[in-house]
Amino acid sequence: MSNNITWHEHKISRAEREKLNGHKGCVIWFTGLSASGKSTVANLVEQKLYQRGVRSYLLDGDNVRFGLNAAPDTLKERHGAEFANRFGLGFSAEDREENIRRIGAVSKLFCEAGMIALTAFISPYRRDRDAIRATLDEGDFMEIFVDTPIEICEQRDPKGLYKKVRAGEIKGFTGIDDPYEAPVQPELHLDGGNKDADTLAEEVISHLENAGVIPAADRCQDTREGMVEV
């Protein structure tokens with residue numbers, strides 16, 4: 001590491017930020033196959049948190065590919081081929097690792113700001129998810145496995161990706177010709193094959209209550225600023 005880089009401590013502590021927000025910060029990491037329901041459940045969880053006045057932000061796998069983790073083709077027009085090839089991210093194992101590393105770093109910033117960062121990424125490799133966990137304090141990383149059988153994912157296929165894979169148009173697709181390493185001990189295991197999205201979202205909210213991240217609903221009251229403990 002360069003000797004010209006120095007870490008600067010913030011004048012406002014994480015505890016002070018959490019006190020202002022009325023809840024703890026954490027990273028909720030949804031993982032599962034494409035079309036498993038990760039984004040749908042994560043969006044519902046964010047809506048439920050918002051209704052309680054909980055400060056959160058959802059980082060979605062597709063959305064970050066438009067900016068923070070843009071592909072080379074996206075960057076090439078504005079920045080040139082050399083820049084695009086150096087900083088753009090595709091879908092190789094190495095690029096996926098960097099994609100998750102960047103998201104983990106951003107998620108940590110939200111967490112330290114006393115907010116709840118929700119992420120919805122396939123994040124197929126266990127080592128990459130574990131690496132993010134290792135950067136956070138104990139209890140800050142909640143791995144949530146949206147466990148949906150690939151047969152059901154392929155039936156849903158909202159983006160038509162599985163159809164393209166079967167037609168030979170996409171190679172290296174997670175769950176078919178590229179591995180998906182399921183979590184060994186996730187904080188929460190969601191049955192995406194047999195339960196609807198709202199039920200799964202409620203399970204996540206209950207888990208956050210039980211973990212003491214957010215106050216239970218019956219211990220809160222509405223205010224113009226959101227939910228406060230009573």
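Heavy atoms of other residues, nucleotides or ligands lying less than 6.0 angstrom from NZ of Lys24 number 12 at most. The neighbour count for Phe66 CZ, taken as heavy atoms of other residues, nucleotides or ligands under 6.0 Å away, does not exceed 12. A 6.0 Å sphere centred on OH of Tyr50 holds no more than 12 heavy atoms belonging to other residues, nucleotides or ligands.
No option in Leu59, Leu136, Thr135 other than Leu59 meets the side chain to side chain contact (heavy atoms under 4.5 Å, CB included) test with Ser107. Leu190 pairs in a side chain to side chain contact (heavy atoms under 4.5 Å, CB included) with only one of the listed residues (Val146, Thr148, Thr199, Asp147), which is Val146.
Note that CZ of Phe30 is 15.0 Å distant from CD1 of Ile122, once rounded to the nearest 0.5 Å. Taking OG of Ser206 as the start and CG of Asn210 as the end, the distance is 6.5 Å to the nearest 0.5 Å. Rounding to the nearest 0.5 Å gives a distance of 12.0 Å between CD of Glu203 and CG of Leu208. Within the model, atoms CG of Asn69 and CG of Asp62 stand 12.0 Å from one another, a figure rounded to the nearest 0.5 Å. Going from atom OG of Ser36 over to atom CD1 of Ile150 covers 10.5 Å, rounded to the nearest 0.5 Å.
Taking hydrophobic clusters as Ile, Leu, Val, Met, Phe, Trp and Tyr residues chained together by side-chain heavy-atom distances below 4.5 Å, Leu109 does not share a cluster with Val27. Ile116 and Met142 fall within a single hydrophobic cluster, where Ile, Leu, Val, Met, Phe, Trp and Tyr are joined by side-chain heavy atoms under 4.5 Å apart, directly or via other members. Put simply, Leu58 and Leu49 are part of the same group of oily side chains (I, L, V, M, F, W, Y) that touch within less than 4.5 Å, one to the next. When the side chains of ILVMFWY residues are joined at heavy-atom separations under 4.5 Å, either directly or via intervening members, Leu44 and Leu188 end up in two distinct hydrophobic clusters. Both Ile28 and Ile205 belong to a single network of hydrophobic side chains, linked directly or stepwise wherever heavy atoms of I, L, V, M, F, W or Y lie under 4.5 Å apart.
Here the shortest heavy-atom pairing between Leu200 and Gly192 reads CD1-CA, 4.0 Å. Nearest heavy-atom pair across Lys48 and Ala201 is CE-CB, 3.7 Å. Considering all non-hydrogen atoms of both residues, Arg14 and Gly25 come closest at NH2-O, 3.0 Å. A pairwise comparison of heavy atoms in Ser56 and Leu118 identifies CB-CD1, 3.7 Å as the closest pair. Pairing each heavy atom of Gly104 with each of Ile132, the nearest pair is CA-CD1, 3.5 Å. Of all heavy-atom pairs spanning Val64 and Asn99, the tightest one is CG2-OD1, 4.3 Å.
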> Stepwise, does the salt bridge (charged side-chain N to carboxylate O under 4.0 Å, His left out) test hold for Glu16 with Lys19?
Replying inline: CA-CA 5 Å; Glu16 290 171 320; Lys19 182 178 180 180; over 6 Å; no
> Checking side-chain hydrogen bond (donor to acceptor under 3.5 Å, both in side chains) for the pair Tyr180/Thr31: CA distance, chi angles, key distance, verdict?
Replying inline: CA-CA 10 Å; Tyr180 175 76; Thr31 178; 2.8 Å; yes
>> Could you walk me through whether Glu98 and Arg102 satisfy the salt bridge (charged side-chain N to carboxylate O under 4.0 Å, His left out) test, starting with their C-alpha distance in whole Å, then the side-chain angles of each, then the deciding distance to 0.1 Å, before giving a yes or no?
In response: CA-CA 6 Å; Glu98 175 60 12; Arg102 292 181 191 179; 2.8 Å; yes
> Is there a salt bridge (charged side-chain N to carboxylate O under 4.0 Å, His left out) between Arg17 and Glu112 once you walk through the steps?
Replying inline: CA-CA 8 Å; Arg17 297 177 192 276; Glu112 292 177 345; over 6 Å; no
>> For Asp60 and Ser39: C-alpha separation, side-chain torsions, deciding distance, then whether side-chain hydrogen bond (donor to acceptor under 3.5 Å, both in side chains) applies.
In response: CA-CA 7 Å; Asp60 182 79; Ser39 293; 2.5 Å; yes
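Side-chain N or O atoms of Arg133 include none that pairs as donor or acceptor with a backbone N or O of Glu138 at under 3.5 Å. A distance-only check finds no donor-acceptor pair linking the side chain of Asp95 to the backbone of Leu89 [under 3.5 Å]. Between the side chain of Glu143 and the main chain of Trp29, no donor-acceptor pair closer than 3.5 Å is present. With Arg126 contributing its side chain and Ala182 its backbone, the two residues share a donor-acceptor pair below 3.5 Å. Judged by distance alone, with hydrogens and angles left aside, the side-chain atoms of Asn21 form no donor-acceptor pair with the main-chain N or O of His23 at under 3.5 Å. A distance-only check finds a donor-acceptor pair linking the side chain of Tyr162 to the backbone of Ser34 [under 3.5 Å]. Arg156 places a side-chain N or O within donor-acceptor distance of the main-chain N or O of Ala35, the cut-off being under 3.5 Å. The backbone N or O of Ser123 lies less than 3.5 Å from a partner atom in the side chain of Arg129, making a donor-acceptor pair.
Between Phe110 and Tyr57, the ring planes lie parallel to each other; the angle is under 30°, not in the 30° to 60° tilted range.
Taking the centre of each ring, Phe91 and Phe173 stay at or above the 6.0 Å mark.
Side chains of Thr174 and Arg96: a donor-acceptor N/O pair is present below 3.5 angstrom, by distance only.
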I'd like a table of donor-acceptor pairs (distance under 3.5 Å, sequence neighbours excluded) in which one partner is a side-chain atom from residues 163-172, with atom names and distances.
residue, atom, partner, partner atom, Å
Arg166, NE, Glu154, OE2, 2.8
Arg166, NH2, Glu154, OE1, 3.0

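Judged by a 6.0 Å distance limit and a 45° cone about the ring axis, Arg127 is positioned over the six-membered ring of Tyr125.
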